[in-house]
**Student:** 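The following block contains the structure, expressed as structure tokens.
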2 protein chains.
Amino acid sequence: MNLSFTEENYLKAIFHLNYPVNENVGTNAISEALNTRAASVTDMLKKLAEKELINYEKYQGVSLTDFGQKKAITIVRKHRLWEVFLVDKLNFKWDEVHDIAEELEHINSETLINRLEAFLDFPKRDPHGDPIPDKDGVIRSQELIPVSKLKVGDSGVISGVREHSADFLKYLEKTGLILGETLSIAEIVKFDSSVMVKIKKNQQMISREVAKNLLIAL
Amino acid sequence: MNLSFTEENYLKAIFHLNYPVNENVGTNAISEALNTRAASVTDMLKKLAEKELINYEKYQGVSLTDFGQKKAITIVRKHRLWEVFLVDKLNFKWDEVHDIAEELEHINSETLINRLEAFLDFPKRDPHGDPIPDKDGVIRSQELIPVSKLKVGDSGVISGVREHSADFLKYLEKTGLILGETLSIAEIVKFDSSVMVKIKKNQQMISREVAKNLLIAL
DNA sequence: ATTGTTTTTTAGATTAATCTAAAAATAATG
DNA sequence: CATTATTTTTAGATTAATCTAAAAAACAAT
Ligand SMILES: [Mn+2]
Ligand SMILES: [Mn+2]
Ligand SMILES: [Mn+2]
Ligand SMILES: [Mn+2]
């Protein structure tokens with residue numbers, strides 16, 4: 001079955017909203033994620049349910065069917081592979097690729113995406129540390145912990161972000177909080193839960209907000 | 001101004017239909033090229049005229065404005081650069097790339113396409129021999145002549161095709177009529193204008209239909 | 001249990017892109 | 001040039017995706 005861009009965007013939004021937990025997603029959550037009105041979402045949910053892509057019962061929220069999940073994962077796979085292409089081959093920065101990938105993810109060709117994956121040497125993660133689903137839709141995700149959950153003395157490798165806005169990514173880049181760097185916790189400020197972190201020989205303070213959105217592999 | 005995929009496809013169709021001649025294009029010609037009904041075309045022409053992308057007067061056919069021409073050329077540029085990418089980097093065959101490029105050509109990012117061009121080493125022609133417009137929309141086209149216009153004894157380099165169907169391209173590939181090969185005319189059959197051509201040491205017969213669609217640089 | 005708040009759905013419109021059927025304009029032909 | 005044939009446009013509908021305003025259901029809190 002061939003889906004419209006819009007339908008694909010809905011599926012992907014639902015996927016992200018209930019991953020990895022599998023709770024039902026509400027209409028309002030989707031409408032916020034997609035910048036549409038709740039009424040529009042209801043209409044679309046009916047259509048997606050009709051196509052057996054989601055499980056939908058009035059007023060109860062939705063979840064993806066296996067079929068819908070498969071479709072959603074394919075879109076995520078394409079999105080992330082294209083991001084790798086943009087960064088690795090075309091020298092885009094990690095804060096510049098999202099919108100372009102948002103369009104490229106809808107290009108329709110399984111061969112294309114499999115060849116792209118091979119061309120990129122089967123990357124495991126995208127430029128933001130997010131895992132790339134394989135051809136069969138399997139996601140090998142590593143457990144990552146936000147800096148805000150660490151204790152003084154803990155250390156680990158910066159491996160992902162929870163927030164993908166260009167502003168946040170640029171901030172991280174500028175202050176050296178880059179994927180792959182080893183980070184340790186020097187101090188947690190009682191007053192506002194700011195965190196003093198150490199990377200290489202440098203110490204720097206990050207806000208709790210930043211700490212919550214920066215993910216570490218232990 | 002941001003155009004829809006549909007609007008872009010109309011502009012490109014109009015461009016191809018009156019290139020390089022600059023005669024007005026009729027409604028029916030467009031409707032055939034795009035597989036839509038003439039009535040739909042009329043509606044769209046009004047909209048494109050409203051946006052000053054085409055010159056349109058009822059019953060008189062249309063031509064692109066400078067602005068529309070610029071837009072159309074950008075789409076052609078993107079189409080052809082993506083085709084080069086698919087063939088050169090992802091190992092697609094020249095008969096497999098058209099449909100995918102048909103989608104990729106609508107991805108919206110000037111930076112993307114300029115970087116892609118650099119990544120591909122500024123190719124001058126796409127896999128079918130068609131010239132790639134530069135960043136400023138300039139098309140450096142070489143004069144190509146169909147084999148059907150040549151005389152016995154003439155020779156030149158196979159440099160393009162007039163027909164882009166996969167069937168035709170596969171046929172050429174299989175029979176060794178490949179871009180870059182030098183071809184000469186051994187004989188023209190009086191009866192049906194079939195042409196005996198010579199490539200390397202091999203002679204082979206091609207129909208007039210094929211001869212009309214195979215282009216040679218002298 | 002009643003009332004108030006939030007979430008979700010329905011009702012009714014709108015816009016883009018398409019279609020069929022029929023009318024109008026243009027082009028071709030005897 | 002009058003008549004036919006072809007091309008193009010209009011009229012009127014349809015489908016997808018959206019919206020606003022209002023009703024209905026679900027949830028929360030006295
Ligand atoms: Mn998208
Ligand atoms: Mn990403
Ligand atoms: Mn296209
Ligand atoms: Mn081409």
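A note on names: the letters A, B, ... follow the listed sequences, proteins ahead of strands, and every chain is numbered from 1. The analysis underlying the following values was restricted to heavy atoms, covering all of them including side chains, and did not include hydrogens, waters or symmetry mates.
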**Student:** Under 4.0 Å between any heavy atoms, over every strand shown, what does B/Ser40 touch: base, sugar-phosphate, or nothing? Just pick one.
**Tutor:** base
**Student:** OP1 or OP2 of C/dT8 sitting under 4.0 Å from any side-chain N/O of A/Tyr56?
**Tutor:** no
**Student:** Between A/Phe85 and B/Phe85 (judged by ring centroids, cut-off 6.0 Å), do the two rings come close enough to count as a pair?
**Tutor:** yes
**Student:** At under 4.0 Å between heavy atoms, what does A/Gly26 touch on the DNA or RNA strands: base, sugar-phosphate, or nothing?
**Tutor:** sugar-phosphate
**Student:** Are there more than 12 heavy atoms of other residues, nucleotides or ligands under 6.0 Å from atom NZ of A/Lys70?
**Tutor:** no
**Student:** Figure out the NZ/P separation between A/Lys46 and D/dT15, and round it to whole Å.
**Tutor:** 16 Å
**Student:** Determine whether the side chains of A/Trp82 and A/Glu105 contain a donor N or O and an acceptor N or O closer than 3.5 Å.
**Tutor:** no
**Student:** Return the value, rounded to whole Å, for the distance between atom CZ of A/Arg37 and atom P of C/dT10.
**Tutor:** 19 Å
**Student:** Take the protein atom CG of A/Asn9 and the nucleotide atom C1' of D/dT18, then report the distance between them rounded to whole Å.
**Tutor:** 14 Å
**Student:** A/Glu7 has an atom CD; how far is it from atom P of D/dT18, in whole Å?
**Tutor:** 10 Å
**Student:** For atom CD of A/Glu163, decide whether the heavy atoms of other residues, nucleotides or ligands shown that lie under 6.0 angstrom number more than 12.
**Tutor:** yes
**Student:** How many Å lie between CG on A/Asn28 and P on C/dT5, as a whole number?
**Tutor:** 17 Å
**Student:** Considering heavy-atom distances to DNA chain D, does A/Lys58 or A/Ala38 have its closest nucleotide positioned more toward the 5' end?
**Tutor:** A/Ala38
**Student:** Using atom CG of A/Asn24 as one end and atom P of C/dT8 as the other, report the distance to the nearest whole Å.
**Tutor:** 11 Å
**Student:** Side chain of B/Thr36: nearest nucleotide among D/dT18, C/dT18, D/dT8?
**Tutor:** C/dT18
**Student:** Please state how far atom CD in B/Gln60 lies from atom C1' in C/dA27, giving the value in whole angstrom units.
**Tutor:** 11 Å
**Student:** Verify the neighbour count for atom CG of A/Asp66: are there more than 12 heavy atoms of other residues, nucleotides or ligands below 6.0 Å?
**Tutor:** no
**Student:** Would you kindly give the OH-to-C1' distance between A/Tyr59 and C/dT7, to the nearest whole Å?
**Tutor:** 9 Å
**Student:** Remember a base hit wins even if backbone is also touched, and classify A/Thr42 as base, sugar-phosphate or nothing at under 4.0 Å, heavy atoms.
**Tutor:** base
**Student:** Considering every strand and a 4.0 Å limit on heavy-atom distances, what is the contact class for A/Phe5: base, sugar-phosphate, or nothing?
**Tutor:** nothing
